[in-house]
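As structure tokens, the structure follows; a few thoughts come after it.
Here, residue 1 is the first one in the sequence, and each next residue gets the next number. Note that the structure is predicted; figures quoted are calculated from it, not measured.
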Amino acid sequence: MSTTTNELAERLDRLETRVAYQDEAIEALNQTITAQWGTIETLRRQVAEIGERLEDAAGALPPVDRPPPHY
């Protein structure tokens, strides 16, 4: 199977174009992941803070007088 120089050049151009678009897509995905990671870390801190507040609030509540289980 014989290919001409022009066919090889066209094939190389197509491959280079695909690689360029893939590089752009990878960079965009990387930026998105980095932004999402920052959001996740912020949400983790908020959830931990809320958990601490709930523990503090539960400890500050007076004990509940519940009727015995036979009522």
Could you state the interatomic distance from CD (E24) to CD (Q22), rounded to the nearest 0.5 Å?
-> 11.0 Å
Hey, could you give me the CD/CG distance between Q36 and L29, rounded to the nearest 0.5 Å?
->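 Q36 CD to L29 CG: 9.5 Å, rounded to 0.5 Å.
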In a check of side-chain contact (heavy atoms from CB on, under 4.5 Å) between Y21 and each of T17, V19, D23, which one passes?
->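 The passing option is T17.
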Is it true that R53 and E49 have a side-chain N and a carboxylate O under 4.0 angstrom from each other?
-> yes
Would you check if T4 and L8 make a side-chain contact, meaning some heavy-atom pair closer than 4.5 Å?
->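 No. Closest side-chain heavy atoms not under 4.5 Å.
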Which residues pass the side chain to side chain contact (heavy atoms under 4.5 Å, CB included) test with R45, sequence neighbours left out?
->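 Only E41, T42 meet the side chain to side chain contact (heavy atoms under 4.5 Å, CB included) criterion with R45.
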